[in-house]
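Counting begins at 1 with the first residue of the sequence.
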Amino acid sequence: MQLAQLAIVVGMVKDAILAGAAVVTACIAIRGLNSWLRELSGRTKFEAALALMRSAYGLRDAICNCRAPLVVAAEFPPGYKNQGSRPSTKEEMEAWNHVFKSRWGGVVATLKEYDARSLEAEAIWGVDARAVTQPLSECVSTLYAAIESYLDDVASEGDIFRADRDFAKKVRSEVFASRSSADNELNKRIASAMDALADFARPHLRHG
C-alpha cells in the first residue's frame, strides 16, 4: 500500500472513530438530559404535592377553629350583653356578625393559599387533581352558607329555626362542631376530603 493510500485510510479510520465518539457522547448527553428532566419533574411534583397538603391542613384547621362550639365573651364586641340589659335584635345581629367576621378571617386567609396550590396541582396533573381538591373547597362553601342561614335566623329573632326544626338542627351542626365530633356530617366530609388529598399526594411525596 502506498504512503498516500495509507494516509487516506488512516484519515477515514480517524474520522470514523471521531464520528463514533460523537455519537456515544450524544447518547450519553441525551441519557443525562432525560435523567435530569425526570429528576426535575419528580422534584416539581414533590414540591407541589407538599405545598398542596400544607395548605389543605392549614385550611382544615381554620375551618375547625371557625366552627368551635364555645364562643367566649371576648369574641363579642365590647359592651355586648351588659348586665341587666337585654340586647336588641340589631345588637344581637351585630354581635354575631362580629364573631363570625373574626372567625371567618382565618378561613379566608388559608383558602387563598389552598386555591393557589389547587390551581398549581391542576396545571401539573390536570383534571384529576381538580376532582381531588374540590371537595374541601365545597366544605368551605357549605360552612359559609350555614353561617349566613344562622345570621338570617338571628335577624328573624329565631322565627326561621322555629318554623323548621330539622333545618335548624342541620345549620347548627354545620356552623358549630368540635373537632372530635365523629358523627358530625360536615366533619365526615372534611375528613373524607383530607383522606382523598393525602392518597393523591402520597405517591409524589415518597419520591421527593
Side-chain angles (χ1 to χ4, degrees), residues 52-119 129-200:
L52 176 63
M53 290 310 300
R54 281 175 174 167
S55 65
Y57 285 124
L59 179 56
R60 179 202 62 183
D61 289 347
I63 293 172
C64 290
N65 292 337
C66 184
R67 301 177 69 213
L70 178 62
V71 183
V72 299
E75 292 187 76
F76 290 104
Y80 175 68
K81 284 189 175 179
N82 287 325
Q83 188 174 3
S85 64
R86 185 177 184 280
S88 65
T89 301
K90 180 182 178 181
E91 289 172 334
E92 190 86 4
M93 185 68 181
E94 290 175 348
W96 282 106
N97 264 318
H98 182 86
V99 170
F100 287 120
K101 182 179 180 180
S102 177
R103 290 188 172 198
W104 189 253
V107 177
V108 171
T110 52
L111 181 60
K112 288 180 180 178
E113 176 67 12
Y114 180 73
D115 284 344
R117 296 307 180 182
S118 296
L119 289 174
R130 182 172 179 78
V132 173
T133 59
Q134 193 65 25
L136 188 58
S137 297
E138 291 173 354
C139 291
V140 175
S141 298
T142 296
L143 175 57
Y144 182 82
I147 290 173
E148 288 291 296
S149 295
Y150 189 90
L151 292 174
D152 286 344
D153 179 69
V154 173
S156 74
E157 298 184 345
D159 288 343
I160 293 175
F161 284 179
R162 277 193 294 270
D164 192 337
R165 299 294 184 182
D166 290 337
F167 177 68
K169 183 179 179 181
K170 176 178 178 295
V171 169
R172 290 194 179 102
S173 73
E174 291 170 347
V175 174
F176 299 112
S178 66
R179 189 187 294 255
S180 60
S181 180
D183 60 344
N184 182 273
E185 288 303 317
L186 186 52
N187 275 2
K188 291 179 182 178
R189 287 175 55 192
I190 293 169
S192 176
M194 293 301 299
D195 287 344
L197 283 162
D199 289 342
F200 176 81

| said: Between W104 and V140, is there a side-chain heavy-atom distance shorter than 4.5 Å? | reply: yes
| field | 4.5 Å side-chain heavy-atom contact, L143 and E174 | value |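 L143 does not reach E174 side chain to side chain.
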Sequence-distant partners of [X], side-chain contact (heavy atoms from CB on, under 4.5 Å), two or more places apart:
{"X": "P135", "answer": "A193"}
{"X": "T110", "answer": "L59, A62"}
{"X": "A56", "answer": "Y114, L136, M194, L197"}
{"X": "S178", "answer": "P69, S180, S181"}

Just how far is it from atom [atom1] of [X] to atom [atom2] of [Y], taken to the nearest 0.5 Å?
{"X": "F167", "Y": "R162", "atom1": "CZ", "atom2": "CZ", "answer": "14.5 Å"}
{"X": "E94", "Y": "E91", "atom1": "CD", "atom2": "CD", "answer": "7.0 Å"}
{"X": "L119", "Y": "L52", "atom1": "CG", "atom2": "CG", "answer": "10.5 Å"}

Got a sec, which residues hit salt bridge (charged side-chain N to carboxylate O under 4.0 Å, His left out) with [X], two or more places apart in sequence or on another chain?
{"X": "K169", "answer": "none"}
{"X": "D61", "answer": "R179"}
{"X": "K188", "answer": "E185"}
{"X": "E75", "answer": "R103"}

| message | Side chains of T142 and R189: any donor to acceptor distance under 3.5 Å? | response |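 Yes, side-chain donor-acceptor contact under 3.5 Å.
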| field | T89-E157 side chain donor-acceptor pair, cut-off 3.5 Å | value |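 E157 and T89 do have a side-chain donor-acceptor pair below 3.5 Å.
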| said: Closer than 3.5 angstrom, by distance alone: can the side chain of S102 be matched with the main-chain N or O of V99 as a donor-acceptor pair? | reply: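 Absent.
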| task | Return yes if some donor-acceptor pair links the side-chain N/O of N187 with the main-chain N/O of A182 below 3.5 Å, else return no. | result |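 Flag not set: sc N187 to bb A182 has no pair under 3.5 Å.
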| field | Intermediate values then yes/no, side-chain contact (heavy atoms from CB on, under 4.5 Å), S149 and V175 | value | CA-CA 9 Å; S149 295; V175 174; over 6 Å; no
| task | Using the side-chain contact (heavy atoms from CB on, under 4.5 Å) rule, take L186 and I190 through it: C-alpha gap first, then chi angles, then the decisive distance, then the call. | result | CA-CA 6 Å; L186 186 52; I190 293 169; 4.1 Å; yes
Quick one: closest heavy-atom pair of [X] and [Y], and the distance?
{"X": "I147", "Y": "C66", "answer": "CD1-SG, 4.0 Å"}
{"X": "R117", "Y": "E113", "answer": "NE-OE2, 2.8 Å"}
{"X": "S137", "Y": "D115", "answer": "OG-OD1, 4.1 Å"}
{"X": "A68", "Y": "F176", "answer": "O-CD2, 3.6 Å"}

| field | Partner residues of Q134 under the side chain to side chain donor-acceptor pair (under 3.5 Å) criterion, sequence neighbours left out | value |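 Side chain to side chain donor-acceptor pair (under 3.5 Å) list for Q134, sorted by chain: empty.
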| message | The criterion is side chain to side chain donor-acceptor pair (under 3.5 Å); which residues satisfy it with R60, sequence neighbours excluded? | response | none
| said: What verdict does the side-chain contact (heavy atoms from CB on, under 4.5 Å) test give for N184 and R67, after you've listed the backbone C-alpha separation in whole Å, the side-chain angles of each residue and the deciding distance to 0.1 Å? | reply: CA-CA 12 Å; N184 182 273; R67 301 177 69 213; 3.0 Å; yes
| query | Among pairs that include at least one residue of residues 133-150, which meet salt bridge (charged side-chain N to carboxylate O under 4.0 Å, His left out), considering only residues two or more places apart or in two chains? | reply |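 Of all non-adjacent pairs touching residues 133-150, none passes salt bridge (charged side-chain N to carboxylate O under 4.0 Å, His left out).
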| field | Partners passing ring-ring contact (aromatic ring centres under 6.0 Å, His included) against W96 (at least two apart in sequence or in another chain) | value |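 ring-ring contact (aromatic ring centres under 6.0 Å, His included) check on W96 returns F76, F100, Y150.
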| Between V107 and Y144, is a side-chain contact (heavy atoms from CB on, under 4.5 Å) present by the stated rule, with each step listed? | CA-CA 10 Å; V107 177; Y144 182 82; over 6 Å; no
